[in-house]
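Below, each value reflects all heavy atoms present in this structure, side chains not excepted, and no hydrogens, waters or symmetry copies. We name chains A, B, ... by the order of the sequence lines, and we start the count at 1 in each one.
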Number of protein chains: 2
Amino acid sequence: MDNKEIQTQRMKGYFIQAAKELIKGEGLKSVSTRSVAERAGYSYATLYNYFKDLNDLIFECVKDFQAECEVFVNSKTKKITNGKEKIKAIISAYVHYFIEYPGTFELFFLERMRGIGNKKTTSELIYTFLDRLCEEQWQYCINENIIYTEKVQKIRTQLRFTIMGMLLFYENRLQPDNYNDFATLLNNQIDNIIE
Amino acid sequence: MDNKEIQTQRMKGYFIQAAKELIKGEGLKSVSTRSVAERAGYSYATLYNYFKDLNDLIFECVKDFQAECEVFVNSKTKKITNGKEKIKAIISAYVHYFIEYPGTFELFFLERMRGIGNKKTTSELIYTFLDRLCEEQWQYCINENIIYTEKVQKIRTQLRFTIMGMLLFYENRLQPDNYNDFATLLNNQIDNIIE
DNA sequence: CAAAGATAATTAACATTGTTAATATAGCAA
DNA sequence: TTGCTATATTAACAATGTTAATTATCTTTG
């Protein structure tokens, strides 16, 4: 039964890997039972031996993408000195990950979560992701007396929603309608909130 | 040919009305060529004589819903005296419209706009909607020297994204996971931004 | 090792959807 | 009445999610 578990996880992994590639490459709309299964090297019905339904499979990708995004953010911000500037850089990298892979943006924020299985935990994972990426730096700011503890909480909440709103308008409604305007607006907003 | 135009508009109106009812009642997912046409009293193929595709029809509902939302907001805020408090009330009513009719939220912010027909103008209509609802009151605040002109612009931008982010997390990711928490968080955020 | 039983994978099938082509119908001009 | 044009409908197709029926594969045991 231990072997069984290993094999099951391996099989799930094949489908998840295939789904991730499709999401990053072609976007969420290209993910279907058939397309995933074909890429994984199995029949579309086999998928249902390992996942409740397609939605279930799709949301299993969230953790993987978060890990990937975290690596991306770290690689882009490693050299920056601790404090506000690093936080700004982290946020910037976070946003750019979703812009580079719009499919992950759709998955994280747009795709409807049907079913109540791990809905709660997954949505919480998404909700708190940016906060977690910055956690260490906020602690640094508090410890170094750069910002008051209470103010930090305010800023974090403010950031969570602002970044989300900007991303949504840019990715889904093309507002602002070009990348440069978006980037400068983003920097302005971050600066305004963090000061 | 004037008659022709009237008739065409009337036909489009039947389909639009049907789509609107479905969106408000059952949500966007329940809107299909078949369901709309049945409700309008025509065959599903007839729809294609009046709209490029289903997406086209769906986005023609945006203007109607905005008008409806504006009426809703006005009726809820008519009695409030001009100034900051009225702006807060307008925003609150705006948010509550989308919470009362989640289908309209999906349409305005989540639904993918395929095709480039009136994409730009429609997305701009959506992007600027909250701003337009508050326009008169911001003018009032400026004229009465309640807030500096430059600060108003900052606040409006900030509000646009924050409200959007909150709505997205609440409607799509159930964060916060109950209405009361959401409502108080919303008020906090609005107060923080407007002061 | 071979047969039986369990497990997993595949094919077939169904219902739903968006969309288009072929067909029918209605309105109207001559 | 008879054509012609505009409009509406039915038929059909391809893609999709999902389930049931059928095979293939693996495991266990005699």
Side-chain angles (χ1 to χ4, degrees), chain A residues 1-19 22-23 25-61 103 106-107 110-117 119, chain B residues 1-19 22-23 25-61 103 106-107 110-117 119:
Chain A
M1 46 205 78
D2 204 39
N3 276 351
K4 165 83 86 34
E5 186 55 23
I6 288 172
Q7 288 164 19
T8 296
Q9 285 310 120
R10 209 166 3 228
M11 283 294 289
K12 292 189 78 166
Y14 297 148
F15 285 104
I16 290 172
Q17 183 56 31
L22 285 166
I23 290 170
E26 319 265 337
L28 249 194
K29 69 193 171 314
S30 76
V31 179
S32 70
T33 52
R34 265 93 172 168
S35 64
V36 170
E38 185 189 25
R39 189 172 277 251
Y42 289 91
S43 163
Y44 47 86
T46 306
L47 192 151
Y48 289 90
N49 291 333
Y50 299 95
F51 302 92
K52 188 171 75 42
D53 55 28
L54 183 63
N55 223 253
D56 187 21
L57 161 59
I58 284 175
F59 276 100
E60 288 235 21
C61 300
E106 296 177 61
L107 166 59
L110 270 28
E111 179 72 357
R112 237 193 158 77
M113 309 176 96
R114 288 182 267 283
I116 32 175
K119 189 169 68 171
Chain B
M1 45 209 77
D2 204 38
N3 275 354
K4 165 81 86 36
E5 186 55 25
I6 288 172
Q7 288 163 17
T8 295
Q9 285 311 119
R10 218 183 334 246
M11 284 293 290
K12 292 188 78 165
Y14 298 149
F15 285 104
I16 291 172
Q17 183 57 31
L22 285 166
I23 290 170
E26 319 265 338
L28 249 194
K29 69 193 170 314
S30 76
V31 179
S32 70
T33 51
R34 266 91 172 170
S35 64
V36 169
E38 185 188 25
R39 190 172 276 250
Y42 289 92
S43 163
Y44 48 85
T46 306
L47 193 150
Y48 290 89
N49 290 332
Y50 299 95
F51 302 91
K52 188 171 76 39
D53 55 26
L54 183 63
N55 224 252
D56 187 22
L57 161 58
I58 284 175
F59 276 101
E60 289 236 20
C61 299
E106 296 177 61
L107 167 59
L110 269 28
E111 180 72 357
R112 233 190 161 82
M113 308 177 97
R114 288 181 267 282
I116 31 174
K119 189 168 70 171

| query | Which pair of non-hydrogen atoms, one from B:Asp53 and one from B:Tyr48, has the smallest distance, and what is that distance? | reply | CA-CE2, 3.9 Å
| ring pair (Phe, Tyr, Trp, His ring centres under 6.0 Å) against A:Tyr14, all qualifying residues, sequence neighbours excluded | none
| Whole angstrom value for the distance that separates P of C:dG18 from CG of B:Leu57 | 11 Å
| task | Quick one, give me the B/S/- string for nucleotides 12-26 of chain D, reading 5' to 3', where B means a protein heavy atom under 4.0 Å from the base and S means that only happens at the primed atoms, P, OP1 or OP2. | result | B---SBBB-------
| query | Could you state the CD-P distance from A:Gln7 to C:dT7, rounded to the nearest angstrom? | reply | 13 Å
| query | Please give, in whole Å, the distance from D:dA8 C1' to B:Tyr50 OH? | reply | 8 Å
| So with a 6.0 Å cut-off around CD of A:Gln9, is the heavy-atom count from everything else above 12? | yes
| message | D:dA8, OP1 or OP2 - any side-chain N/O from B:Ser43 closer than 4.0 Å? | response | no
| said: Looking at every non-hydrogen atom in both residues, tell me the closest pair between B:Asn55 and B:Met113 and how far apart they are. | reply: OD1-CA, 3.9 Å
| For the pair made of CG in B:Leu28 and P in C:dG18, what is the distance, rounded to whole Å? | 11 Å
| Closest non-hydrogen atom pair, A:Ala19 against A:Val31 | O-CG2, 4.3 Å
| task | Find the distance B:Phe15:CZ to D:dT7:P and express it as a whole number of Å. | result | 13 Å
Kindly give the atom pairs (protein nitrogen or oxygen, nucleotide nitrogen or oxygen) under 3.5 Å for nucleotides 26-28 of chain C.
none

| request: Please report, rounded to the nearest Å, how far the C1' atom of D:dA6 is from the OH atom of B:Tyr42. | output: 14 Å
| query | For the helix from C:dC1-D:dG30 to C:dA30-D:dT1, what is the angle between the axes at its two ends, each from 5 pairs, rounded to 10°? | reply | 30°
| Do A:Phe59 and A:Leu107 come within less than 4.5 Å of each other through their side chains, counting heavy atoms only? | yes
| Would a distance-only check, ignoring hydrogens and angles, find a side-chain to backbone donor-acceptor pair under 3.5 Å from A:Ser35 to A:Ser30? | yes
| task | Just jot down the side-chain contact (heavy atoms from CB on, under 4.5 Å) partners of B:Glu38, sequence neighbours excluded, or say none. | result | none
| query | B:Phe51 near the nucleic acid: base, sugar-phosphate alone, or nothing, with a heavy-atom cut-off under 4.0 Å? | reply | nothing
| query | Which heavy-atom pair separates A:Ile23 from A:Cys61 by the least distance, and what is that distance? | reply | CD1-SG, 4.3 Å
| What residues, two or more places apart in sequence or in another chain, satisfy salt bridge (charged side-chain N to carboxylate O under 4.0 Å, His left out) together with B:Glu106? | A:Arg112
| message | In this structure, how many angstroms lie between the P atom of C:dT25 and the CG atom of B:Asn49, rounded? | response | 17 Å
| task | Write down the atom of B:Phe15, the atom of B:Val36, and the distance for their closest heavy-atom approach. | result | O-CG1, 3.7 Å
